[in-house]
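Below is one structure, written out as structure tokens; comments come after it.
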Amino acid sequence: MNKRYAMAIDLRRCVGCQTCTAACKSANATPPGVQWRRVLDLETGEFPDVRRTFMPVACMHCANPPCMHVCPTTATKQREDGLVTIDYDICIGCANCVMACPYDARSIEHLPHYAYGEPMKSETARFDAGRLGVATKCTFCKERIDQAAITGQIPGVDPEVTPACVNSCISGAMHFGDVNDANSNISRLLADTESFRMHEELGTDPSVYYIWDGGDQ
Amino acid sequence: MRAQREIVDRVPPRRQMDWDIRGALNFIFGGAGGGLLAATACAQPLGVDLRAPVALGLALVGAGLFSVWLKIGRPWRALWVFRRPSTSWMTREALLAPPIFLSGALAFFWQSAPALYVAGLLGLAFVYAQGRILKANIGIPAWRRWSCVALIVATGLTEGFGILCLAAPVWPSLLSLAYPLAALVAVRFLVWRYYRGDLRRTGAPDGTLRSLDEFEFRFVLIGHASAAVLAIAGAYASLPALVAAGAGLAVLAGALFKYTLVCRAAFTQGFALPRTPSRGRGAPGVGVQPGWRQGQGR
């Protein structure tokens with residue numbers, strides 16, 4: 001059976017610190033205004049029973065990705081390990097995939113943007129003109145995962161081959177691994193807890209699980 | 001007490017900003033052009049010289065495609081659009097364009113009736129493909145339904161017959177098309193009512209429902225009631241100017257509808273929290289879907 005990489009996020013542990021957001025921006029050099037990963041802040045209930053929940057969101061790397069089906073150019077593809085990728089050299093920036101994604105995960109930047117107007121040295125060094133005018137999104141840090149095939153390390157266990165956001169999580173809320181391996185960390189975690197997936201009713205079969213109860217917190 | 005949640009960082013549905021007026025013009029021009037080719041094919045038995053509407057239909061389809069070309073981020077890669085016919089309706093729409101222009105050119109230069117019928121069928125398929133492009137975009141709740149496809153097709157055909165009827169003052173023999181135009185206006189009204197009910201039944205973003213609510217009165221009164229009355233009265237009294245006025249309203253309403261659908265009512269899915277998590281000794285709680293008006297069931 002092929003691997004299927006997935007993420008599990010324990011909503012009970014997430015403290016909304018946005019470290020994953022910052023780690024993603026650092027790892028992927030996304031411009032201001034583009035967040036491949038972000039943390040939603042939700043208040044629910046009525047006084048005095050009010051709750052605050054933090055929910056990290058990004059591309060869900062769906063098993064049935066609507067973005068891929070609508071992409072007219074084949075720029076959006078799905079790898080055998082479940083990762084949904086974008087080929088920047090083929091994408092025409094039609095934004096059809098942006099409309100198809102129910103997770104608001106994709107962005108298209110038509111012009112360069114810098115934090116302070118003029119580019120800083122670090123921004124100049126990491127600027128990629130190939131990302132202008134095309135769709136971009138979370139990659140699950142695929143370069144790291146690809147490295148695992150060379151080094152023999154395990155994504156989700158060894159930090160070098162694990163997405164930057166998961167590595168950065170200060171509360172241990174984020175987990176990563178192969179859900180088709182019954183013995184992986186993530187499979188055992190999901191078996192032991194209660195979880196949901198966002199907008200499952202749309203038939204996208206997303207690869208991000210949100211844990212809300214069960215197991216040891 | 002304030003109920004519900006504090007909104008931070010795009011939690012509720014937001015109006016899509018990636019398809020602006022240029023994206024809408026693809027549907028406005030392309031839909032009208034495809035509908036006009038279909039209507040022109042239907043008018044072939046009237047024995048009128050239909051080269052002008054054929055040319056206009058092709059020009060509209062071309063203008064729609066040009067508009068979308070202006071919108072895409074990498075216009076010089078536009079030909080990559082043909083690469084995924086297996087699942088992408090945008091690819092299929094693009095694939096329909098060359099045979100539309102070929103059959104349309106044959107109909108125009110050689111006045112070939114079979115070519116005109118082919119162009120009409122392909123024009124109708126083009127309009128259908130546009131409806132399916134919207135339906136496949138499941139991130140926009142206002143689009144991802146069959147009733148939206150039906151509305152796009154009904155609107156395209158109405159616009160096509162409407163544009164033909166605009167020529168009634170020049171070619172009085174087109175007056176008889178006022179009756180099918182009025183029938184199509186009625187069909188579009190019924191499909192519109194079904195579409196609105198569909199949204200209410202299944203649930204939709206507040207913003208979508210508000211945008212359509214604001215648009216509905218003008219759309220129904222001007223684009224349907226007035227248009228149908230003028231078209232029928234004009235045909236009955238043999239007053240081509242009246243028919244043209246009704247047709248103009250029906251066409252204008254169709255364009256405004258597509259602008260509203262693409263640029264105003266197109267709100268994203270937003271996010272939902274089906275259950276709030278347990279924390280410490282606190283039990284899990286009920287969830288929330290901000291900015292969303294739940295469906296009323298079927």
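Residue numbering restarts at 1 for every chain, and letters A, B, ... go by the order of the sequence lines.
A salt bridge is absent between A/D213 and B/R275: the closest approach of a Lys/Arg side-chain nitrogen to an acidic carboxylate oxygen does not fall below 4.0 angstrom.
When each of A/I92, A/T73, A/I108 is checked for heavy-atom pairs under 4.5 Å with chain B, A/I92 comes out on top. Ranked by heavy-atom pairs shorter than 4.5 Å toward chain A, the options B/R14, B/K71, B/E93, B/R92 are led by B/R14. Chain A forms the most heavy-atom pairs under 4.5 Å with one residue out of B/V81, B/T268, B/L79, B/V68, and that residue is B/V81. Among B/T87, B/I133, B/N137, B/I138, the residue making the largest number of heavy-atom pairs under 4.5 Å with chain A is B/N137. Ranked by heavy-atom pairs shorter than 4.5 Å toward chain B, the options A/T53, A/D49, A/T74, A/V70 are led by A/T74. Top candidate by heavy-atom pairs under 4.5 Å with chain B, chosen from A/M198, A/R52, A/H110, A/H199, is A/H199. With chain B as the partner, the residue from A/C71, A/C14, A/A135, A/P66 showing the most heavy-atom pairs under 4.5 Å is A/C71. Interface remark: of the candidates A/V98, A/I211, A/T204, A/L202, A/L202 forms the most heavy-atom pairs closer than 4.5 Å to chain B. Of the listed residues B/W76, B/W80, B/F82, B/W143, the one with more heavy-atom pairs under 4.5 angstrom with chain A than any other is B/W80.
Open room surrounds CD on A/E118; 12 or fewer heavy atoms of other groups in view lie less than 6.0 Å from it. Heavy-atom contacts from other residues, nucleotides or ligands closer than 6.0 Å to NZ of A/K25 number more than 12. More than 12 heavy atoms of other residues, nucleotides or ligands sit less than 6.0 Å from atom CE of A/M120.
Distance check: B/R74 CZ to A/I90 CD1 gives 12.5 Å after rounding to the nearest 0.5 Å. Note: A/N96 CG to B/L134 CG = 9.0 Å, rounded to the nearest 0.5 Å.
With a 4.5 angstrom heavy-atom cutoff, A/C101 touches chain B only via backbone atoms. In this structure, no portion of B/W89 lies under 4.5 Å from any heavy atom of chain A. Residue A/C67 does not touch chain B at all, counting heavy-atom pairs closer than 4.5 Å. With a 4.5 Å cut-off on non-hydrogen atoms, A/Y88 touches chain B through its backbone but not through its side chain. In this structure, the portions of A/H69 lying under 4.5 Å from any heavy atom of chain B include both its backbone and its side chain.
Across every non-hydrogen atom of A/Y103 and B/F271, the tightest pair is O-CZ, 3.2 Å. Across all their heavy atoms, A/P72 and B/M90 have their closest contact at CG-SD, 3.7 Å. Scanning all heavy atoms of the two residues, the minimum distance from A/M55 to B/A272 falls at CE-O, 3.6 Å. Minimum interatomic distance between B/W19 and A/C94 (heavy atoms only, all atoms of both residues): NE1-O, 2.8 Å. A pairwise comparison of heavy atoms in A/A100 and B/A136 identifies CB-O, 4.2 Å as the closest pair.
Under the 4.5 Å side-chain criterion, counting only non-hydrogen atoms from C-beta, A/L11 is in contact with B/L273. Side-chain contact between B/D18 and A/R106 is absent, with no heavy atoms from C-beta onward closer than 4.5 Å. When side chains are defined from C-beta on, B/S278 counts as touching A/R12, because their heavy atoms get closer than 4.5 Å. Contact annotation: the side chain of B/R144 never approaches that of A/M99 to less than 4.5 Å [non-hydrogen atoms, C-beta and beyond]. In this structure, B/V286 and A/T44 have side chains that are not in contact, with every pair of non-hydrogen atoms separated by 4.5 Å or more.
The salt bridge (charged side-chain N to carboxylate O under 4.0 Å, His left out) analysis of residues 20-32 of chain B, with sequence neighbours excluded, yields the pairs B/D20-B/R22.
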